[in-house]
Trainee: 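Dumping the structure here so I can ask a few things about it.
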Amino acid sequence: MSSSKTPIRVAVTGAAGQIGYALLPRIANGDMFGSDQPVILQLIEIPNDKAMAALKGVAMELEDCAFPLLSDIVLTSDPKIGFKDAHWALLIGSKPRGPGMERNDLIRENGPIFTGQGRAIAEHGHSSVRVAVVGNPCNTNCLIAMHSAKGLPRERFSAMTRLDQNRAQAQLAARAKVPTTSVTNTLIWGNHSATQVPDYKNTRIGGKSAESVIGDLKWLQGEFFSTVQQRGAAIIQARGLSSAASAASALIDHVRDLVRPTPAGEWRSVCVSSDGSYGVPEGLISSFPVRADGKGGWSIVQGLDLDSFLKQRLQATVAELAKEREVVANLLS
Ligand code: NAX
């Protein structure tokens with residue numbers, strides 16, 4: 001298949017990592033931007049021989065797939081080159097948590113990566129560039145990149161809770177013994193962390209509240225909550241490695257659904273800069289029910305009701321986000 005469309009330039013950091021390996025063939029196959037939309041992959045890794053050799057190997061495999069939509073591949077460790085004219089910047093690369101490292105240490109270690117990348121995206125990206133952050137802690141890394149990308153509107157930045165949404169959708173479908181397609185408007189609030197809040201009240205099964213269809217509040221507030229919150233750890237336990245195929249698939253969903261208009265009456269879980277909705281302090285990158293307009297804009301769905309359990313959990317996850325913001329306050333000037 002050939003296409004007369006101008007290629008979309010997609011910059012991907014951490015491209016030689018696990019998620020990159022599962023993600024890049026799917027972008028090149030048209031899963032993210034459509035089956036008639038050519039892409040140029042601009043792959044960014046750290047400047048060390050091992051990482052760059054691995055990146056070269058990934059590029060060789062992409063070539064060997066002979067994807068009709070893959071117009072070009074750029075390999076670099078220089079963010080200026082990697083983000084040049086990029087329409088989308090997918091920030092996946094970050095340092096993993098080392099032995100004995102606390103969450104705050106990880107936040108401090110990774111922060112500077114996202115200041116540099118935020119600046120480079122603003123300076124070298126396409127004037128319409130949009131950014132999706134996956135590298136953890138993704139909400140706070142996104143906050144740092146957003147603050148560092150001087151001149152870029154806040155609306156261009158998002159972080160990913162789509163994997164959590166998809167996990168919650170699968171758990172509810174299994175419990176209700178329905179196909180995953182019967183579970184709609186699945187909603188995650190707050191931080192992409194163990195404090196995240198899967199909302200059983202506003203998520204629907206067959207058009208009705210999941211709470212009423214499942215009919216077991218104890219399960220929803222107990223096992224359902226902890227399964228979704230701890231799913232990442234359970235995958236590591238089982239596989240010896242963190243989620244990669246499902247994370248890549250979620251990122252495909254995340255970007256695709258920000259590009260296309262959201263169907264009437266629906267929303268998707270996306271971490272965006274808060275405007276104060278639902279009591280989330282202004283400026284925090286928190287997961288909300290989001291609708292996309294298909295023209296690059298989005299809005300937070302208003303007026304959803306939460307019960308006292310969900311409200312209290314939302315406060316706790318937002319308090320965690322506020323604390324993370326304090327830890328990196330020096331990077332947000
Ligand atoms: P890997 O360790 O397999 O790959 C990370 C890659 O990033 C490595 O190749 C490394 O060299 C590269 N890298 C590190 N710093 C970089 C920099 N400054 N510029 C460019 N590249 C850089 O990790 P992987 O399993 O692919 O996971 C990547 C990130 O996604 C991790 O931070 C992980 O915690 C996070 N995740 C986020 C999820 C989410 O839902 N938001 C879910 C999956 C995943 O856990």
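First listed ligand is number 1; within each ligand, the first listed atom is number 1. In what follows, every heavy atom counts, from backbone to side chain, and hydrogens, waters and symmetry copies are set aside.
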Trainee: If you count the atoms of ligand 1 from 1 in the order shown, which ones are under 4.0 Å from a heavy atom of Ser243?
Mentor: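 Near Ser243, meaning under 4.0 Å from one of its heavy atoms, ligand 1 has 43 (C).
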Trainee: Return yes or no for this condition: an N or O of Thr13 is under 3.5 Å from an N or O of ligand 1.
Mentor: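 Looking only at distances, the answer is no, because the N/O contact criterion of under 3.5 Å is not met.
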Trainee: Ignoring hydrogens, tell whether any protein atom lies closer than 4.0 Å to atom 30 (O) of ligand 1; use the non-hydrogen atoms only.
Mentor: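 There is a protein heavy atom less than 4.0 Å from atom 30 (O) of ligand 1.
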Trainee: Return the residue, atom name and 0.1 Å-rounded distance of the protein heavy atom closest to atom 32 (O) of ligand 1.
Mentor: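 It is Ser94 OG, 2.7 Å.
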Trainee: Which word best sums up how the rings of Phe33 and Trp88 line up, parallel for under 30°, tilted for 30 to 60°, or perpendicular for over 60°?
Mentor: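 The arrangement is tilted - the two ring planes meet at 30° to 60°.
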Trainee: Specify the closest pair of heavy atoms between Arg130 and Trp298, including all atoms of both residues, with the distance to one decimal.
Mentor: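 Closest approach of Arg130 to Trp298: NH2-CD1, 4.1 Å.
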Trainee: Should the pair Tyr278 and Trp189 be assigned to parallel (<30°), tilted (30 to 60°) or perpendicular (>60°) ring geometry?
Mentor: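 Taking Trp189 first and then Tyr278, their aromatic rings stand perpendicular (interplane angle over 60°).
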Trainee: Give the residue and atom name of whichever protein heavy atom lies nearest to atom 26 (O) of ligand 1, and the separation in Å to one decimal.
Mentor: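 It is Ile19 N, 2.9 Å.
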Trainee: Which one of Ser193, Pro137, Gly93 has a non-hydrogen atom at the shortest distance from atom 13 (N) of ligand 1?
Mentor: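 Considering heavy atoms of Ser193, Pro137, Gly93, the nearest to atom 13 (N) of ligand 1 sits in Gly93.
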Trainee: Looking only at protein heavy atoms, identify the closest one to atom 18 (N) of ligand 1 and say how far it is in Å.
Mentor: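 Nearest neighbour among protein heavy atoms for atom 18 (N) of ligand 1, to 0.1 Å: Ile113 CG2, 3.4 Å.
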Trainee: Any salt bridge linking Lys201 with Asp305? Criterion: basic side-chain nitrogen under 4.0 Å from a carboxylate oxygen.
Mentor: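 A salt bridge is absent here (no side-chain N lies under 4.0 Å from a carboxylate O).
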Trainee: Got the closest protein heavy atom to atom 42 (C) of ligand 1, with its distance?
Mentor: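 Of the protein heavy atoms, Leu163 CD2, 3.8 Å lies nearest.
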Trainee: Which heavy atom of Gln171 sits nearest a heavy atom of Trp219, and at what distance?
Mentor: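 In terms of heavy atoms, the two residues are closest at O-CH2, 4.1 Å.
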Trainee: Between Thr262 and Ala292, which heavy-atom pair has the shortest distance, and what is it?
Mentor: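 Scanning both residues, the minimum pair turns out to be OG1-N, 2.7 Å.
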Trainee: Is there a donor in the side chain of Glu324 and an acceptor in the side chain of Asn191, or the other way round, less than 3.5 Å apart?
Mentor: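 There is such a pair between these side chains.
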Trainee: For atom 40 (O) of ligand 1, which candidate among Lys95, Met52, Arg231, His192 provides the closest heavy atom?
Mentor: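 Considering heavy atoms of Lys95, Met52, Arg231, His192, the nearest to atom 40 (O) of ligand 1 sits in His192.
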Trainee: Closest by any non-hydrogen atom to atom 9 (O) of ligand 1: pick that one out of Gln165, Gln196, Lys50, Glu45.
Mentor: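 When every heavy atom of Gln165, Gln196, Lys50, Glu45 is considered, Glu45 comes closest to atom 9 (O) of ligand 1.
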Trainee: Minimum heavy-atom separation for Ile144 to Leu332, with atom names?
Mentor: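 Answer, listing the atom of Ile144 first, then Leu332: CA-CD2, 3.9 Å.
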Trainee: Atom 25 (O) of ligand 1: which protein heavy atom is closest, and how many Å away?
Mentor: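 Sorting protein heavy atoms by distance from atom 25 (O) of ligand 1 puts Gln18 NE2, 3.0 Å first.
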Trainee: Using a heavy-atom cut-off of under 4.0 Å, does the side chain or the backbone of Asn136 touch ligand 1, or both, or neither?
Mentor: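 Both backbone and side chain.
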Trainee: Examine the side chains of Thr115 and Ser148 and answer whether a donor and an acceptor come within less than 3.5 Å of each other.
Mentor: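 Side-chain D/A pair, Thr115 to Ser148: absent.
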Trainee: To check your reading of the model: name the closest protein heavy atom to atom 22 (C) of ligand 1, its residue, and the distance in Å.
Mentor: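 Heavy-atom neighbour on the protein nearest atom 22 (C) of ligand 1: Ile46 CG2, 3.6 Å.
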Trainee: Is the closest side-chain donor-acceptor distance between Arg108 and Asn104 under 3.5 Å?
Mentor: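 No.
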Trainee: As an exercise, identify every atom of ligand 1 less than 4.0 angstrom from a heavy atom of Cys138.
Mentor: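 Reading through ligand 1 atom by atom, the close ones are 41 (N).
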Trainee: With atoms numbered from 1 as shown, which atoms in ligand 1 lie under 4.0 angstrom from a non-hydrogen atom of Ile44?
Mentor: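 Result: 20 (C), 21 (N).
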Trainee: Show me which atoms of ligand 1 lie under 4.0 Å from any heavy atom of Ser242.
Mentor: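 Within the 4.0 Å cut-off of Ser242, ligand 1 contributes 25 (O).
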Trainee: Identify the closest protein heavy atom to atom 5 (C) of ligand 1: which residue and atom is it, and at what distance?
Mentor: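 Of the protein heavy atoms, Gly17 CA, 4.2 Å lies nearest.
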Trainee: Show me which atoms of ligand 1 lie under 4.0 Å from any heavy atom of Gln117.
Mentor: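 Listed by number with element: 17 (C), 18 (N), 19 (N).
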Trainee: Which of the numbered atoms in ligand 1 are under 4.0 angstrom from any heavy atom belonging to Ala247?
Mentor: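 Those qualifying, in numeric order: 43 (C).
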Trainee: Looking at Gly14, which atoms of ligand 1 are within less than 4.0 Å of one of its heavy atoms?
Mentor: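 Every atom of ligand 1 under 4.0 Å from some heavy atom of Gly14: 6 (C), 7 (O), 12 (C), 20 (C), 21 (N).
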Trainee: Which residue and non-hydrogen atom of the protein lie closest to atom 28 (C) of ligand 1, and at what distance in Å?
Mentor: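 The protein heavy atom lying closest is Ile92 O, 3.4 Å.
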Trainee: Provide the number and element of each atom of ligand 1 under 4.0 Å from a heavy atom of Met160.
Mentor: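 It comes down to these atoms of ligand 1: 39 (C), 40 (O), 41 (N).
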Trainee: Hey, could you give me the CG/OH distance between Leu310 and Tyr200, rounded to the nearest 0.5 Å?
Mentor: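 Reported value, rounded in 0.5 Å steps: 4.0 Å.
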Trainee: What part of Val134, side chain from CB on, backbone N/CA/C/O, both or neither, has a heavy atom under 4.0 Å from ligand 1?
Mentor: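 Answer for Val134: both.
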Trainee: Restricting to non-hydrogen atoms, name the atom on Met160 and the atom on Ala247 that form the minimum distance, rounded to 0.1 Å.
Mentor: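 Here Met160 and Ala247 meet closest at CE-O, 3.6 Å.
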Trainee: Output yes when a protein non-hydrogen atom is found under 4.0 Å of atom 2 (O) of ligand 1, and no otherwise.
Mentor: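 Within 4.0 Å: no protein heavy atom nearby.
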Trainee: Of the options Leu41, Leu24, Leu75, which is the one that meets Val58 in a side-chain contact (heavy atoms from CB on, under 4.5 Å)?
Mentor: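 One option only clears the test, and that one is Leu24.
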Trainee: Could you report the tightest heavy-atom contact between Thr203 and Leu187, atom names first, then the distance?
Mentor: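 Residues Thr203 and Leu187, closest heavy atoms: OG1-N, 3.1 Å.
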Trainee: Could you go through Thr161 and Gln196, starting from their C-alpha distance and side-chain angles, then the distance that decides it, and tell me whether this counts as side-chain contact (heavy atoms from CB on, under 4.5 Å)?
Mentor: CA-CA 9 Å; Thr161 37; Gln196 66 181 265; 5.8 Å; no
Trainee: Is ligand 1 less than 4.0 angstrom away from at least one heavy atom of Ala244?
Mentor: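 Outside the 4.0 Å threshold, so no.
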